[in-house]
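Quick notes on the structure that follows.
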Amino acid sequence: MTRELAPVALVLVSHSRALAQGAVELAGQMAPGVLLIAAGGTDDGGLGTSYEAVERALVEATQDGRSAVVLTDLGSAVLTTESVLELLDEDVASRVRLADAPFVEGAVAAAVTAHGGADLGGVLASAVHAGSTFGDAAESPAQAGASSDDGVLRAVAVLRNPLGLHARPAAVVARMLAAYDARVRVNGANAASVLELMKLGAKQGVELHIETEGPQAAEARDALVAAVEGGFGEV
Amino acid sequence: MTLDVAWAVDWVRRSAQTVTEHRQELIELDRQIGDGDHGENLFRGFSAVVAKLDALPAEPADIGEVLRLVATTLMSTVGGAAGPLYGTAYLRAAKATGVTQLDSHGVVALLEAALEGIVARGKATTGEKTMVDAWTPATEAAVTAADGGASPAEVLAAAADAAHEGAEATIPLVATKGRASYLGERSAGHLDPGARSTELILRAAAQAAA
């Protein structure tokens with residue numbers, strides 16, 4: 001592993017060692033370039049959260065100048081993390097944010113955003129926003145921010161993947177678009193959000209209506225159309 | 001009359017003793033409305049604290065040093081919410097007691113700092129069926145006793161009595177914070193285990209001062 005890690009790491013704190021490791025595995029599949037650290041269970045492998053395990057994870061996550069976003073499951077995972085932050089070196093603690101987000105969905109969304117090279121605030125927002133993707137996709141920030149149709153570029157591409165826009169291609173889209181200074185919507189969903197893309201439930205053969213705006217709207221649109229038509233390398 | 005470092009050490013040892021004696025009771029209380037680990041967690045945590053006290057090369061320099069040892073050990077060894085909650089309580093109390101002697105107002109400052117730590121960490125307020133329902137009346141009773149000229153031992157006894165009343169008063173409450181809140185109405189009719197352990201620990205403090 002010589003590849004460089006993203007500037008923001010994730011620490012997943014759970015009462016269960018298996019749950020934390022499973023979430024790391026799931027998020028890692030979609031974001032191989034992000035340092036993901038599991039801090040689950042007590043030191044003897046039981047159910048609970050370990051002050052020392054969380055502390056170790058945060059110190060490792062923030063090495064080499066990285067920042068870190070922490071996701072937690074039940075109440076005491078939050079309390080333990082806050083306690084660690086209260087006693088940790090100010091230099092380290094200042095680079096850590098605790099996300100008020102659903103554990104699994106937040107971890108996946110944050111990992112993909114972090115993989116795109118986003119900063120601490122961007123990764124945190126992605127995790128927090130994952131909670132609202134259970135609701136109506138029409139409330140996404142990308143749509144709320146679209147004040148007028150002026151400057152919006154549009155394209156239509158047909159989805160070729162046999163399994164539709166499932167997790168892997170959705171992650172490919174979100175990661176790819178992070179490289180462009182553009183806001184992108186696919187059938188109304190915020191294309192920067194893996195969860196919103198997956199929630200479209202787009203199946204093989206459907207038309208994807210792509211809308212982009214921003215300084216690199218044209219580049220983002222063209223790259224996305226090419227990826228869709230290329231079947232995301234799956235067909 | 002004042003309390004010294006020996007009192008703080010004795011308090012910790014008596015706390016370990018009382019959570020050991022009441023381990024099964026706390027487990028049962030927590031099993032009714034939580035995850036059943038409170039008794040086991042506190043037993044493990046305070047046992048570890050005593051082991052660390054026994055291993056100290058020299059007597060702690062001040063009361064705050066004893067409480068800081070309790071704080072960091074509980075945070076590391078107690079898996080449930082009680083670890084960070086009690087840990088933060090002792091940590092804030094340690095910051096308020098970097099002295100070798102505590103008078104009645106010093107005892108009040110210790111209790112107030114501990115309560116503040118629990119509230120800051122747990123974001124709970126009174127009436128939510130948590131340890132705050134024992135700590136709050138305990139601290140208020142301590143203030144009243146100290147203002148009335150009571151000795152440190154009397155202040156702690158008043159706090160322990162009030163913690164007992166506060167803990168008993170959690171029985172009819174419906175939990176709105178912590179694991180018990182998932183039970184909703186079904187949490188009513190049970191004594192909150194965190195309020196009960198608060199009472200035990202404050203009683204230990206009073207007995208160490210008596």
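Numbered from 1 within each chain, the chains take letters A, B, ... in sequence-line order. Note: hydrogens, waters and symmetry copies are ignored here, and every other heavy atom, side chains too, is used.
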Measuring from atom [atom1] of [X] to atom [atom2] of [Y], what distance do you get when rounded to the nearest 0.5 angstrom?
X     : Y     : atom1 : atom2 : answer
B:D37 : A:H15 : CG    : NE2   : 8.0 Å
A:S76 : B:D35 : OG    : CG    : 8.0 Å
B:T77 : A:D43 : OG1   : CG    : 9.5 Å
A:T42 : B:R44 : OG1   : CZ    : 6.0 Å
B:M75 : A:E55 : CE    : CD    : 10.5 Å

Might you confirm whether atom [atom1] of [X] has over 12 heavy atoms from other residues, nucleotides or ligands at distances under 6.0 Å?
X      : atom1 : value
A:D100 : CG    : no
A:Q63  : CD    : yes
B:E185 : CD    : no
B:E21  : CD    : yes
B:K123 : NZ    : yes

Are any non-hydrogen side-chain atoms of A:E82 and B:P84 less than 4.5 angstrom apart? no
I would like to know whether A:L74 and B:Y182 meet side chain to side chain contact (heavy atoms under 4.5 Å, CB included); could you show each step before the answer? CA-CA 11 Å; A:L74 300 170; B:Y182 295 126; 3.4 Å; yes
Heavy-atom contact with chain A under 4.5 Å, split by part of B:K177: neither
For B:T88, is it the side chain, the backbone, both, or neither that has a heavy atom closer than 4.5 Å to a heavy atom of chain A? side chain
Indicate the atoms forming the closest heavy-atom contact of B:A81 with A:L79, along with that distance. CB-CD1, 3.8 Å
